[in-house]
Structure formats: structure tokens, C-alpha cells
Amino acid sequence: MTTTNSDAVLPAQGIEAPRSGRIDPKYLRSNPSAGSFEMVAWVFMRVSGAALVVLIFVHLWVNLMVGDGIHQIDFAFVAGKWSNPVWQFWDLTMLWLAMLHGTNGMRTIINDYAEKDSTRLWLKSILYLAATVIIILGTMVIFTFEACLVNEAGELLEYAPAFCENVTQ
Amino acid sequence: MTQTKTSPGGRGTLYKGREGMWSWVGHRITGVGIFFFLLVHVLDTSLVRVSPEAYNAVIGAYKHPIMVLGEIGLVGAIVFHAFNGLRIILVDFWKQGTRYHRQMLWAVLVLWFVTMVGFSVRHLMTFFEGWEGF
Ligand code: HEM
Ligand code: HEM
């Protein structure tokens with residue numbers, strides 16, 4: 001065939017460039033409304049990560065780097081910290097952010113490696129159950145903590161921190 | 001820089017992503033490690049609600065020399081994940097981020113090293129000061 005078709009060498013006319021217009025939903029890989037959850041999760045990983053740097057570094061500094069370091073950690077040490085609402089709030093924020101950040105990260109990893117639908121479902125169910133239990137437990141521990149424990153006779157336990165002497169009686 | 005290479009079986013390709021891939025592997029492994037530590041850590045802390053004796057007995061394990069080395073490993077994982085996480089955030093949000101991602105990885109490694117030298121020295125110092133032997 002020797003017909004010269006000038007149209008053929010020109011850029012295709014009447015055919016839109018790929019993805020230039022609205023794409024028929026049946027050609028999309030995922031449901032567009034499901035995209036917003038992943039977007040929120042993506043932003044959350046970054047915002048929580050930035051906050052966790054401060055929360056965790058201060059946690060490690062106060063517990064390990066100052067004072068007697070690892071040897072200072074005992075019941076009285078925790079009692080001393082949690083008698084201050086600032087540390088209660090600090091640990092609560094750290095607990096929630098670290099658990100949600102870590103759980104979301106684990107969800108990504110399960111999605112990456114578990115190929116069977118049923119395996120993914122199982123692993124994620126175990127993950128969410130474990131995360132829920134740990135978050136609720138950690139929260140309750142902070143709010144129900146009792147620093148100045150007494151025995152049946154109403155005397156302070158020997159483990160009580162020094163400040164309890166002025167509190168009870 | 002991404003390189004692909006035909007796998008020995010002749011099927012598919014083997015992704016070899018150099019620094020970018022290794023920092024991703026490192027970020028993933030440290031993230032998983034910290035997650036499992038945190039599950040155990042909330043459980044051991046919750047012993048303060050059982051009894052002071054129970055808490056002190058279990059937390060006493062953290063003062064054993066082997067655990068002290070483990071703590072250095074844990075903090076090493078946290079510090080890498082934290083600094084590399086900040087690098088990821090910069091790559092995503094800073095205009096020049098993608099351009100300097102490799103330089104920033106070196107900065108992460110240098111900062112990690114300096115932080116870990118400081119942490120390890122101080123942690124071992126306090127450990128030996130209060131150690132009463134086996
Ligand atoms: C070896 C290093 C660590 C030691 C010795 C340590 C010690 C402690 C201690 C003594 C407490 C009781 C309350 C307080 O002091 O604020 C505590 C609570 C807590 N720590 Fe750590 N910690 C370490 C590492 C971490 C890391 C890496 C994270 C985060 C991933 C973390 C997250 C938490 C949380 C969320 C709580 C509150 C737990 C609850 O609500 O029951 N800790 N830690
Ligand atoms: C110290 C501050 C932290 C920073 C700056 C940080 C930052 C990040 C960033 C930016 C990501 C990538 C998210 C994405 O690709 O969309 C990530 C992933 C992850 N993080 Fe963190 N994070 C921190 C603490 C933690 C903690 C405490 C845990 C565990 C409880 C954790 C576990 C994970 C996991 C499991 C992933 C998923 C890794 C992957 O998909 O390969 N991170 N982190």
C-alpha cells in the first residue's frame with residue numbers, strides 16, 4: 001500500500017491522551033471513596049511519627065539517662081511520675097499514638113506479605129484484637145493507679161513512695 | 001537509583017534498590033521489633049496494678065547485664081526508626097527532599113551513631129554504678 005495518509009503521521013486526533021478526562025469507574029483499580037481512609041492513614045503515620053520522636057525520646061531520657069538510670073525504676077518511681085498529671089497525660093498520649101501508629105504499620109506489612117484473603121483476614125483480626133486489648137489495658141492502668149497502697153491495718157506498704165507519708169493517715 | 005536484574009530462574013525480575021531499599025528494609029524491621037516490644041512493655045507496666053512486689057520483680061529483669069545490652073539494641077532500633085522516619089517525612093514534604101534523600105540517609109546514620117555512642121556510654125555507666133553483681 002503506497003497511499004500517503006497524512007493523518008496517520010500526525011498525532012492521533014479525536015483520541016484523548018490517557019487519563020485526561022473522567023475515568024469510567026469500571027476501569028479504576030479501587031473504589032475512590034476507599035481512597036480517603038488510606039490518605040488519612042498516610043498523613044497520620046507522619047504526624048504521629050513526628051510527635052512520637054519527642055514523646056519517646058523524653059521518656060527514655062527521664063527513665064534511663066538522668067538520676068540512677070535503669071536502677072531507679074521500681075514501683076516508687078512509677079508512683080512518683082504518675083502522681084503528676086503531666087506524666088499521666090504524657091504516657092497516655094504516647095500509648096495511643098505509638099499503638100495506633102504501630103498497628104497501622106503492621107496492617108501495611110500484612111497487606112504486603114499475606115497473599116491469601118483468608119490469611120490476611122485472620123492476621124488482621126488478631127492484630128486489631130491485640131491492639132484494642134493493649135490500648136484499653138494501658139489506659140486503665142494509668143487512670144486506676146494507686147500510689148499509696150495500705151495493708152489491712154491501714155499501714156503504708158514498704159514499697160510506697162516517700163510522699164505517701166504526708167498523704168495518708 | 002533502581003536496578004533490575006533477571007532472576008536466576010529466568011522468570012521475573014529481582015529488585016535491587018541500593019540505599020533506598022536497605023533503609024526501607026531497616027525501617028520495616030525496626031518498626032515490627034518496636035511494636036512487639038511495646039505490647040510486652042504495656043503488659044509489664046500493668047503489673048503496678050497487681051502489686052508492687054510483682055512489678056519490682058519483673059522490672060528487676062531489665063537490670064540484668066544481658067537485658068542492659070538488649071536495651072541498647074532496643075534504643076538503637078528506636079533511634080534509627082525515628083531519624084529515618086523524619087527523613088521519610090522530609091522526602092515527602094520538603095521541596096528538595098527527593099533530591100537530597102541519599103545525603104539525608106547518611107545524615108541519619110551519622111546522627112544515629114553519635115546518639116548511640118552517647119546513650120550507650122551513659123547507660124553502661126549508670127548500670128555499673130548500681131550493679132550489685134550476679
Ligand atoms: C528500655 C527502655 C524503656 C524503659 C526502661 C521504660 C520504662 C517505663 C516505665 C518505668 C514506665 C512507667 C511509667 C513511666 O515511667 O512513665 C513506662 C511506661 C510506658 N512506656 Fe516505657 N520504657 C522504655 C521504653 C519505651 C519505649 C521504646 C516506648 C514506646 C515505643 C515506651 C512506651 C511506654 C508507654 C506507652 C508507657 C505507658 C504504659 C501504660 O499506659 O501502662 N517505653 N516505661
Ligand atoms: C519514634 C518516632 C517514629 C517516627 C518518626 C516514625 C515514622 C514512621 C514513618 C514516616 C513511617 C512510614 C509510613 C508510610 O510509609 O506510610 C513509619 C512506619 C512504621 N512505623 Fe514508625 N515511627 C516512629 C515510631 C514508631 C513506633 C513506636 C512503632 C511501633 C510501635 C513504629 C512502627 C512502625 C511500623 C510497623 C511501620 C510500617 C513499616 C513499613 O510499612 O515498612 N513506629 N514510621
Side-chain angles (χ1 to χ4, degrees), chain A residues 42-43 45-50 52-54 56-57 59-61 63-79 82 91 94-95 98-99 101-103 105-106 108-109 112 127 130-131 133-142 144-147 149 157-161, chain B residues 27-57 59-60 62-64 67-68 71-72 74-75 78-79 81-86 88-90 92-93 115 118-119 121-132:
Chain A
W42 186 90
V43 172
M45 287 308 272
R46 278 139 189 86
V47 173
S48 60
L52 282 167
V53 176
V54 179
I56 295 178
F57 279 32
H59 183 65
L60 292 172
W61 181 265
N63 288 6
L64 292 178
M65 295 287 97
V66 297
D68 295 333
I70 187 78
H71 294 291
Q72 71 195 342
I73 296 178
D74 58 10
F75 182 83
F77 177 82
V78 181
W82 281 351
D91 286 351
M94 186 165 60
L95 170 77
M99 281 306 297
H101 176 108
T103 303
M106 294 298 286
T108 307
I109 296 175
D112 278 358
L127 175 70
V133 169
I134 291 293
I135 291 178
I136 293 176
L137 176 71
T139 304
M140 284 177 54
V141 166
I142 295 174
T144 63
F145 180 73
E146 201 53 73
L149 294 174
L157 295 185
E158 55 169 318
Y159 300 97
Chain B
H27 198 78
R28 186 158 267 199
I29 292 176
T30 51
V32 174
I34 302 162
F35 180 75
F36 284 111
F37 162 78
L38 186 57
L39 296 187
V40 175
H41 185 49
V42 174
L43 289 177
D44 63 50
T45 302
S46 71
L47 289 174
V48 294
R49 291 292 293 118
V50 174
S51 75
E53 290 92 337
Y55 182 76
N56 288 352
I59 225 66
Y62 283 81
K63 303 168 187 179
H64 188 278
M67 289 298 274
V68 167
E71 282 139 30
I72 294 179
L74 169 73
V75 173
I78 300 263
V79 172
H81 190 96
F83 289 170
N84 190 57
L86 293 177
I88 297 175
I89 295 172
L90 284 174
D92 289 338
F93 292 114
T115 310
F119 174 82
V121 167
R122 175 74 190 147
H123 192 48
L124 290 171
M125 240 168 69
T126 53
F127 165 69
F128 280 115
E129 271 167 24
W131 193 37
E132 284 147 11

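Below, chain A is the first sequence line, B the second, and so on; all start at residue 1.
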CH2/Trp131(B): more than 12 non-hydrogen atoms of other groups inside 6.0 Å: yes
Which distance, rounded to the nearest 0.5 Å, do you find between the NZ of Lys63(B) and the CG of Asp68(A)? 9.5 Å
Rounded to the nearest 0.5 Å, how far does CD1 of Ile70(A) lie from CD of Glu71(B)? 4.0 Å
Do Arg28(B) and Thr108(A) pass the side-chain contact (heavy atoms from CB on, under 4.5 Å) test, and can you show the C-alpha distance, the side-chain angles, and the key distance before you say yes or no? CA-CA 10 Å; Arg28(B) 186 158 267 199; Thr108(A) 307; 4.0 Å; yes
Pair Thr126(B)-Met65(A), side-chain contact (heavy atoms from CB on, under 4.5 Å): steps then yes or no: CA-CA 8 Å; Thr126(B) 53; Met65(A) 295 287 97; 6.0 Å; no
When only pairs under 4.5 Å are counted, which of Ile109(A), Leu149(A), Ile135(A), Leu60(A) shares the most heavy-atom pairs with chain B? Ile109(A)
Give me the ring orientation class for Phe127(B) and His71(A): parallel if the planes are under 30° apart, tilted from 30 to 60°, perpendicular past 60°. parallel
Residue part contacting chain B, namely of Trp61(A), when any heavy atom lies under 4.5 Å: neither
Would you compute the distance between atom CZ of Phe57(A) and atom CD1 of Ile78(B) and round it to the nearest 0.5 angstrom? 8.0 Å
Could you look at Met45(A) and say if it's the side chain, the backbone, both or neither that has a heavy atom under 4.5 Å from chain B? neither
Contact summary for Leu157(A) and Pro52(B), nearest pair of heavy atoms: CD1-CG, 4.3 Å
Verdict with supporting geometry, Phe35(B) and Leu127(A), side-chain contact (heavy atoms from CB on, under 4.5 Å): CA-CA 11 Å; Phe35(B) 180 75; Leu127(A) 175 70; 3.7 Å; yes
Which residue in the set Val78(A), Ile142(A), Asp74(A) passes side-chain contact (heavy atoms from CB on, under 4.5 Å) when paired with Val48(B)? Val78(A)
Would you say that Phe77(A) contacts Ile59(B) through its side chain, given a criterion of any heavy-atom pair below 4.5 Å between the two side chains? no
Between Met67(B), Glu129(B), Glu53(B), Met125(B), which has the largest tally of heavy atom pairs under 4.5 Å with chain A? Glu53(B)
From CG (Leu95(A)) to NE2 (His41(B)), nearest 0.5 Å: 9.5 Å
Residue pair His123(B) / Leu64(A): nearest heavy atoms and the distance that separates them: CE1-CD2, 3.9 Å
Could you check if a side-chain atom of Leu43(B) sits within less than 4.5 angstrom of a side-chain atom of Leu137(A), using non-hydrogen atoms only? yes
Let me confirm one number: the CD1-CG distance from Ile56(A) to Leu38(B), rounded to the nearest 0.5 Å. 8.0 Å
Tell me, for Leu39(B) versus chain A, whether the close heavy atoms (under 4.5 Å) come from the side chain, the backbone, both or neither. both
Phe145(A) versus Arg49(B), closest heavy-atom pair with distance: CA-CD, 3.8 Å
Write down the atom of Ala82(B), the atom of Val53(A), and the distance for their closest heavy-atom approach. CB-CG2, 4.2 Å
Nearest heavy-atom pair of Val141(A) and Ser46(B): which atoms, and what distance? CG2-CB, 3.5 Å
With a 4.5 Å cut-off on side-chain heavy atoms, are Ile73(A) and Tyr55(B) touching? yes
Spacing of CZ belonging to Arg46(A) relative to CG belonging to Leu90(B), to within rounding of 0.5 Å: 11.5 Å
Taking side chain as everything from C-beta outward and backbone as N, CA, C, O, which of these in Val66(A) sits under 4.5 Å from a heavy atom of chain B? Side chain, backbone, both or neither. backbone
Selection from Ile34(B), Leu86(B), Ile88(B), Val42(B) maximising heavy-atom pairs under 4.5 Å formed with chain A: Val42(B)
What part of Phe119(B) gets within 4.5 angstrom of chain A, counting heavy atoms only: side chain, backbone, both, or neither? both
